[in-house]
Each structure stands twice: as C-alpha cells, then as structure tokens.
Amino acid sequence: MRHMRLRVAAAFIAAATAFPATAQKAPDDAKRMTIARELLAITGAAKQFDVVMPRMMQQMAKIFIQQKPTHEKEIRDVFGKMLQRFVDRKQELIEQIADIYAKRLSAEDMAATVEFYKSPAGTRFVQALPEITKESFGAGQKWGQQIGSEIEREAREELKRRGIDL
C-alpha cells in the first residue's frame with residue numbers, strides 16, 4: 001500500500017513538474033522572449049513556483065517519513081536543505097517556459113495578454129492565483145489519493161476473482 005501511494009505521489013509530482021530536461025534553442029526574435037518573460041513575471045509564475053515547490057517537498061518528505069518514521073528528523077533536515085537549492089533554480093524553469101511561450105505565441109498576442117494582466121481584472125486574478133494554486137494542488141493530491149485507492153482496491157478484487165490473493 002505504501003509503495004502504491006509512493007508511486008501515485010511520484011507520478012503526480014512528475015506530471016506537475018514535467019518539462020523538457022534539455023534546454024531548447026531560444027527563438028531568434030529577442031522581442032518575443034522579452035515579452036514572454038514579462039508575461040511570466042506579470043502573471044506571477046515565479047510566485048506560483050514559490051508556493052508549489054515547498055508543498056511538493058513536504059509531500060515527498062511525508063512519503064519518506066511514512067517509510068522510515070524513526071528517521072523523521074533526518075528526512076526533514078535533508079528535504080529542508082534541498083528546498084532552497086531547488087527554489088533557487090526557478091529561473092531555469094522560467095526561461096524554458098518563456099521560450100515555449102515565444103515559440104507558440106506571437107509578440108502581439110503576448111503583449112495583449114500582458115495588457116489584460118495589467119487591467120483591474122487581471123491584477124485581481126494574479127492576486128488570487130497563489131491561493132488558487134495552493135487549493136488546486138491540494139485538490140490534485142486528494143484526487144490522486146482517491147483514484148490510487150480505487151485502482152488498488154479494484155485491482156485486488158479483480159485479481160482475487162482470478163484466484164490471486166494479494
């Protein structure tokens with residue numbers, strides 16, 4: 001059961017952070033990259049990362065602690081030290097995402113989107129985004145746990161019907 005939860009959590013974390021591991025060649029259009037960076041800044045992308053990374057580390061630490069509860073202090077210490085190192089690397093991700101935006105969107109479309117985020121509605125959206133992200137992450141975790149439990153239960157039942165008792 002613990003191994004199943006670890007796999008489900010790892011899959012969720014991988015899906016939540018899945019980005020190409022290799023750097024992609026930046027577009028020739030420097031203007032598009034500049035606007036893409038501005039779009040990411042004005043949308044609060046870095047702030048979202050600041051919220052998600054600590055939660056991800058807490059969840060991973062929790063999984064490790066479930067496996068070795070007698071080593072909780074050491075596990076928390078390891079994840080605590082790793083957290084800052086990975087938070088400090090967020091600019092790598094921002095550059096990769098800016099590159100993706102610049103490849104997929106025109107400078108005009110990104111500029112229009114930036115203008116929306118500068119509007120009162122866009123500003124309110126950005127202000128609400130950290131809590132939306134936090135609650136969405138929690139909902140995703142809860143959903144993943146429910147689905148994982150259902151899959152495990154149904155698989156055990158079906159295997160039992162086939163004469164395999166786990």
Side-chain angles (χ1 to χ4, degrees), residues 1-27 36 39-41 43-105 109 113 117 124-166:
M1 180 90 149
R2 285 183 182 173
H3 295 290
M4 175 70 79
R5 286 187 180 145
L6 179 60
R7 284 188 215 123
V8 170
F12 175 77
I13 290 167
T17 60
F19 290 96
T22 57
Q24 297 177 3
K25 187 177 178 182
L39 180 57
L40 288 169
T43 60
K47 290 180 184 174
Q48 289 181 33
F49 185 83
D50 291 343
V51 171
V52 171
M53 184 55 71
R55 291 198 177 282
M56 186 184 337
M57 289 289 208
Q58 289 170 354
Q59 290 303 311
M60 291 183 76
K62 183 178 176 182
I63 292 167
F64 279 53
I65 290 166
Q66 287 174 344
Q67 292 181 352
K68 292 287 185 181
T70 58
H71 296 283
E72 179 176 356
K73 185 178 186 283
E74 294 94 334
I75 292 168
R76 289 197 189 282
D77 182 55
V78 166
F79 278 94
K81 288 178 180 173
M82 288 176 22
L83 176 61
Q84 192 58 50
R85 194 173 80 236
F86 284 96
V87 166
D88 288 345
R89 292 180 59 187
K90 71 182 169 190
Q91 193 59 39
E92 294 172 22
L93 179 59
I94 290 169
E95 286 298 312
Q96 289 179 30
I97 296 171
D99 187 48
I100 293 166
Y101 277 39
K103 286 179 180 179
R104 303 283 185 248
L105 300 167
D109 287 343
T113 305
Y117 281 107
R124 287 189 300 273
F125 180 79
V126 170
Q127 289 171 347
L129 207 48
E131 285 302 313
I132 290 170
T133 301
K134 178 180 169 183
E135 290 178 33
S136 297
F137 188 78
Q141 286 181 311
K142 184 177 178 182
W143 180 83
Q145 290 171 348
Q146 289 171 333
I147 294 297
S149 294
E150 288 178 37
I151 291 169
E152 181 180 4
R153 186 185 72 248
E154 288 183 28
R156 285 179 185 278
E157 289 171 1
E158 180 60 27
L159 288 167
K160 191 173 187 173
R161 281 193 285 273
R162 295 179 184 200
I164 303 168
D165 195 13
L166 296 176

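Salt-bridge formation is detected for the pair R89/E92: a Lys NZ or Arg NE/NH1/NH2 atom is positioned less than 4.0 Å from an Asp or Glu carboxylate oxygen.
For the pair D77/K73, no side-chain contact is recorded, criterion being any heavy-atom separation below 4.5 Å from C-beta on. Between E72 and F64 there is no side-chain heavy-atom pair separated by less than 4.5 Å.
One finds the CD atom of Q58 at 12.0 Å from the CD1 atom of I63 (value rounded to the nearest 0.5 Å). Rounding to the nearest 0.5 angstrom, the gap separating the CD atom in E154 from the CD1 atom in I147 is 9.0 Å. Here the straight-line distance linking atom CD of Q146 with atom CD of E150 works out to 7.0 Å at 0.5 Å rounding. To the nearest 0.5 angstrom, M57 atom CE is 5.5 Å from L83 atom CG. Atom NZ of K68 and atom CD1 of I75 lie 9.0 Å apart (nearest 0.5 Å). For the atom pair Q91 CD and Q96 CD, the distance stands at 11.0 Å (nearest 0.5 Å).
Residues passing the side-chain contact (heavy atoms from CB on, under 4.5 Å) test with K62, sequence neighbours excluded: Q59, Q66. F125 pairs by the side-chain contact (heavy atoms from CB on, under 4.5 Å) definition with Y117, L129, not counting sequence neighbours.
Few gaps surround CZ on F79; more than 12 heavy atoms of other groups in view lie less than 6.0 Å from it. More than 12 heavy atoms of other residues, nucleotides or ligands shown are found within 6.0 angstrom of CZ on R153.
Nearest approach of A36 to A98, heavy atoms of both residues: CB-O, 3.3 Å.
Between the side chain of R76 and the backbone N or O of A61, no donor-acceptor pair lies under 3.5 Å.
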